[in-house]
Every structure is written in structure tokens, then in C-alpha cells.
Amino acid sequence: MKFRPLHDRVLVKRVESEEKTVGGIIIPDTAKEKPMEGEVIAIGSGIRNESGAITPLDVKPGDKILFGKWSGTEIKVDGSDYLVMKESDIMGIIDRKAA
């Protein structure tokens, strides 16, 4: 990949939502909302604190995350759509094993 986020930025790929409801109704593309769930693809090195030391990020590549509806900036890298956002825009990490 040709993109590496800096500082406390995170590169996220949206996880596509289901095209069918539980009842079997197919949702057309025009009625779908953009998903607020994604997978972390790459992370920056971290953010500097007041003493100058780098604090690493809490997320790592491969984590499934939940973020705000309007979070991040959409970019296209190598023909794929991604979001670049600050770690503070991430609401949480989804742990499927705990559920």
C-alpha cells in the first residue's frame, strides 16, 4: 500500500452492510446508509505528550471498530475506498469473541 497515516491518524476500510433484512427484503443501494463499522488497515506512530514521548495508539491493524456517521475523510488508494480519521473519532473496538 502506498499510504501510511501519520501521528494519531488511522486508515479504515468500511465493512459493507447486509443487502438483505432479517425478513428477506433486499435493500437497494439508494436506500442504504454508509456503515459505521470498519476494519483498521494501518495506523500512525502515535501522538506526542507534553514531555515529548510518543504515546502509541490503542487500535492496531485488523481491529474491527465502530465510528461516528460523519467521522473521517474519504480517500481512494489503489482503486479502493478508505477513511482516514483520528483515533479520537473511534468510539470503540468490536470484540466478536466476547459476545
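In this chain, numbering begins with 1 at the start of the sequence shown. Just so it is clear, the values below take in all heavy atoms, side chains as well, and ignore hydrogens, waters and symmetry mates.
Side chain to side chain, Ser80 and Asp78 fail the donor-acceptor criterion of an N or O pair below 3.5 Å.
Between Glu74 and Arg14, the shortest heavy-atom distance links the atoms OE2-NH2, 3.6 Å. Here the shortest heavy-atom pairing between Gly68 and Met91 reads N-CE, 3.2 Å.
Summarising the geometry, atom CD1 belonging to Ile54 is positioned 9.0 Å from atom NE2 belonging to His7; distances are rounded to the nearest 0.5 Å. With rounding to the nearest 0.5 Å, the separation of CG in Asp81 from NZ in Lys76 is 4.5 Å. Atom OG in Ser88 sits 10.5 Å away from atom CG in Leu57 (nearest 0.5 Å). Within the model, atoms CZ of Phe67 and CD of Glu37 stand 8.5 Å from one another, a figure rounded to the nearest 0.5 Å. Atoms CD and CG, from Glu39 and Leu11 in turn, are 10.5 Å apart once rounded to the nearest 0.5 Å.
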**OP:** Carefully, step by step, assess Lys86 and Arg9 under the rule side chain to side chain contact (heavy atoms under 4.5 Å, CB included).
**Re:** CA-CA 4 Å; Lys86 287 188 166 231; Arg9 303 258 185 331; 3.9 Å; yes
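The number of heavy atoms from other shown groups lying within 6.0 Å of NZ (Lys13) is above 12.
Put simply, the side chain of Pro61 reaches to within 4.5 Å of the side chain of Ile43, judged on heavy atoms.
A donor-acceptor pair is defined here as one N or O able to donate and one able to accept, closer than 3.5 Å; no such pair exists between the side chain of Asp63 and the backbone of Ile65.
Each of Ile41, Val84, Asp89, Val40 was compared with Val10 under the side-chain contact (heavy atoms from CB on, under 4.5 Å) criterion, and only Val40 meets it.
When the side chains of ILVMFWY residues are joined at heavy-atom separations under 4.5 Å, either directly or via intervening members, Val59 and Leu83 end up in a single hydrophobic cluster.
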